[in-house]
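For clarity, every value in this text was computed on a predicted model and none was experimentally measured.
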Amino acid sequence: MGFKAGQLFVNLPVNDLQASINFFTALGFEFNLQYTDENATCLIINDNTFAMLLTKEFFKTFVSKEIADTSSHTEVIMAFSASSRAEVDELVHKALAAGGKKYNDPVEHGFMYSWSFQDIDGHLWETMYMEEGTAENA
């Protein structure tokens, strides 16, 4: 049997930590205050998945390469599932109302529905709904 990670921590550079906290709070997300200070916060995506939002200055202490300019480059797409098509739409509408930007139009694949947005720092987030029992057939 292969390796299976217990938890996933995605690290993302942000321009304004408090503005990012406000943005994701408006979407309904919560934060782990144990991992929050003036340099970073821990966005809870689910019980095993987290996004560490780091000020760009703090992020630079972990890397020797340039930070991607999200206005012209894509470094990653964070994709997660929702419980319904309506929940996909609701989250994207909340993101747009909180200052995020539309990235594409909703995509309908019959058994799967998705829609993407950019957060206030230009990071791409995709939320999708897949009908039960179709993942193994896709």
Side-chain angles (χ1 to χ4, degrees):
M1 181 168 220
F3 173 78
K4 288 189 178 184
Q7 296 179 320
L8 174 66
F9 291 84
V10 176
N11 292 271
L12 297 173
V14 300
N15 292 311
D16 181 326
L17 186 60
Q18 189 58 56
S20 292
I21 291 170
N22 295 345
F23 175 80
F24 286 103
T25 298
L27 274 63
F29 286 98
E30 296 179 352
F31 298 86
N32 183 332
L33 299 180
Q34 182 179 357
Y35 300 110
T36 300
D37 62 19
E38 68 279 356
N39 295 311
T41 190
C42 180
L43 171 68
I44 301 168
I45 296 173
N46 64 35
D47 290 343
N48 291 308
T49 311
F50 311 89
M52 295 299 301
L53 307 179
L54 312 174
T55 63
K56 284 188 175 179
E57 296 76 23
F58 189 53
F59 189 91
K60 287 178 185 178
T61 67
F62 296 99
V63 297
S64 58
K65 298 191 302 182
E66 292 294 317
I67 296 174
D69 176 358
T70 57
S71 67
S72 59
H73 294 78
T74 301
E75 79 281 36
V76 66
I77 300 171
M78 279 73 60
F80 55 90
S81 62
S83 62
S84 67
R85 284 173 167 78
E87 191 176 59
V88 168
D89 291 345
E90 180 183 350
L91 187 67
V92 173
H93 287 295
K94 285 181 180 180
L96 300 177
K101 293 180 183 170
K102 182 177 169 184
Y103 186 69
N104 64 0
D105 291 324
V107 178
E108 179 63 65
H109 294 288
F111 68 93
M112 186 174 79
Y113 174 74
S114 65
W115 198 4
S116 301
F117 64 90
Q118 296 178 78
D119 68 20
I120 61 173
D121 290 290
H123 303 294
L124 298 180
W125 296 81
E126 179 179 76
T127 183
M128 65 184 160
Y129 167 72
M130 190 176 304
E131 292 177 6
E132 227 175 283
T134 58
E136 58 271 5
N137 300 327

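- Contact annotation: the side chain of I45 never approaches that of M78 to less than 4.5 Å [non-hydrogen atoms, C-beta and beyond].
- Taking all atoms of both residues into account, the shortest heavy-atom contact from N39 to L17 is C-CD2, 3.8 Å.
- Listed for the W115 side chain is a donor-acceptor partner under 3.5 Å among the backbone atoms of N104.
- Contact between L12 and E75 at its shortest, heavy atoms only, is CD2-OE2, 4.3 Å.
- Taking each heavy atom of E38 and T55 in turn, the nearest pair found is O-CG2, 3.7 Å.
- Between D121 and S20, the side chains place a donor N or O and an acceptor N or O closer than 3.5 Å (distance only, hydrogens not considered).
- Annotation: the span from L43 atom CG to T36 atom OG1 amounts to 9.5 Å, rounded to 0.5 Å.
- For E90, the salt bridge (charged side-chain N to carboxylate O under 4.0 Å, His left out) partners are K94, not counting sequence neighbours.
- Taking the six-membered ring where tryptophan is involved, the planes of F23 and F117 are tilted, since the angle between them lies from 30° to 60°.
- In summary, the aromatic rings of F58 and F62 are positioned with their centroids under 6.0 Å apart.
- Residues forming a salt bridge (charged side-chain N to carboxylate O under 4.0 Å, His left out) with E108 (at least two apart in sequence, or on another chain): R85.
- At distances below 3.5 Å, not a single donor-acceptor pair connects side-chain atoms of H109 with backbone N or O atoms of M130.
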